[in-house]
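Have a look at the structure below, then the notes.
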Amino acid sequence: MVILPLTGFAFLSCILSGVASAPPHPLGNTAREILERAIPGPPHFVVYSDRFVSGLTGPPAVSQVQVYIMAFLLTEGAFDKAEEWTQLTATQRSTIKAQYAAAGIKLLVSVFGSTDAPTSTGADPIATANTMAAWVTEFGVDGIDVDYEDFNAINAGDGKAEAWLTSFTQQLRVKLPQGQFILTHAPVAPWFSPGKFGGGAYLTVNRNVGSLIDWYNVQVINKGTTEYTTCSGLLTTSSSVWPQSAVFQIAASGIPLNKIVIGKPAIASDASNGFVSTTTLAGCLSQAKSQGWSAGVMVWEFPDADANWIETVRSQAFPE
């Protein structure tokens with residue numbers, strides 16, 4: 001993740017374009033807020049946003065996206081799209097959230113990313129969870145996405161990363177109750193490989209707190225030029241480099257199949273490797289659905305992932 005310069009109120013005009021106005025609602029404020037944050041069922045269509053490009057007219061069309069994730073909230077504070085959100089007034093944020101709610105879009109913040117290593121740097125998981133949960137409630141978003149990429153901590157194999165994530169997730173749920181706030185994690189696919197990591201990586205995290213996590217935005221990118229680039233490699237038979245980390249292999253290790261959201265880059269330049277064309281990905285999703293999967297797709301990132309990208313990718317498995 002690269003921290004980008006601020007863009008003032010550009011994000012406001014960006015997300016207002018194409019979003020319908022919210023109708024009056026007869027419920028009280030608290031009941032309305034809980035209803036608006038109700039957890040959507042699969043398939044999930046998740047778009048991350050971390051950069052601003054002048055002249056673009058907004059996020060994916062409201063008919064095509066279900067979850068829009070602003071990046072990033074770090075241990076040292078909010079940056080990029082998350083920081084832009086804080087620069088809006090409370091009234092502006094409330095207006096945007098009401099419009100998103102009316103369109104059926106959930107607005108989340110992603111935490112950590114590739115530049116934040118909370119376990120390795122000694123961040124306290126409870127205090128960090130409290131701070132980040134407070135940000136979610138203060139700034140009125142629907143939940144939090146845990147993009148934990150502390151590779152050194154996981155690779156150490158001593159279980160400290162898994163214990164950290166367990167405590168962090170448990171405390172998030174203390175502050176952001178299940179059913180009222182969305183909580184997702186975004187692990188890389190190899191972290192589900194059995195026996196690959198001494199602490200168990202996300203297989204351990206799932207055993208410990210998987211019931212608290214609504215779904216996984218699984219990153220099947222940046223793990224090698226030939227990794228996860230065919231339907232078989234993505235869905236049923238991963239390579240020996242990252243064994244048993246294809247979608248159905250992950251499910252066979254105990255991860256609920258419809259919590260495994262497939263995460264891909266929108267275009268080749270959005271990742272080091274792992275890109276597949278929208279047509280290829282659409283075919284893979286169709287194959288997966290025919291075998292009982294319906295979790296959905298995550299994409300990095302807007303504006304490269306627009307309404308047309310999502311429409312093409314979902315066209316065979318989930319046509320509208």
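This one's a predicted model, so the numbers in the text were calculated from it and none came from an experiment.
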Do the side chain of [X] and the main chain of [Y] share a donor and acceptor less than 3.5 angstrom apart?
| X | Y | result |
| --- | --- | --- |
| N222 | A271 | no |
| K259 | G210 | yes |
| D306 | N308 | yes |
| D214 | L183 | yes |

Who are the side chain to side chain contact (heavy atoms under 4.5 Å, CB included) partners of [X], not counting sequence neighbours?
| X | value |
| --- | --- |
| N208 | T166, T204 |
| A186 | Y48, D145, D147, N217, Q219 |
| Q171 | I126, A129, N130, V174, K175 |

> Considering all heavy atoms of both residues, which atom of V109 and which atom of I69 are nearest to each other, and what is their separation?
Replying inline: C-CG2, 4.1 Å
>> Which heavy atom of T119 sits nearest to which heavy atom of W164, and what is that distance?
In response: OG1-CG, 3.3 Å
>> Please determine whether a side-chain nitrogen of the Lys or Arg among D270 and K264 lies less than 4.0 Å from a carboxylate oxygen of the Asp or Glu.
In response: no
>> Looking at D150 and K160, is any side-chain nitrogen of the basic one under 4.0 Å from a carboxylate oxygen of the acidic one?
In response: no
> Is there side-chain contact between V313 and F45, with heavy atoms separated by less than 4.5 Å?
Replying inline: no
>> Between L107 and K97, is there a side-chain heavy-atom distance shorter than 4.5 Å?
In response: yes
>> I'd like to check the side chain to side chain donor-acceptor pair (under 3.5 Å) partners of T236; sequence neighbours left out, ordered by chain and number.
In response: none
>> Test of understanding: with side chain to side chain donor-acceptor pair (under 3.5 Å), list the residues that count as partners of H185, not counting sequence neighbours.
In response: T169, Y202
> Do F302 and W309 make the cut of ring centroids closer than 6.0 angstrom?
Replying inline: no
>> Please list all pairs meeting disulfide bond (SG atoms under 2.5 Å apart) that have one or both residues in residues 221-283, counting only residues at least two apart or in different chains.
In response: C231-C284
> Do N206 and Y216 meet the criterion of a side-chain donor-acceptor pair at a distance under 3.5 Å?
Replying inline: yes
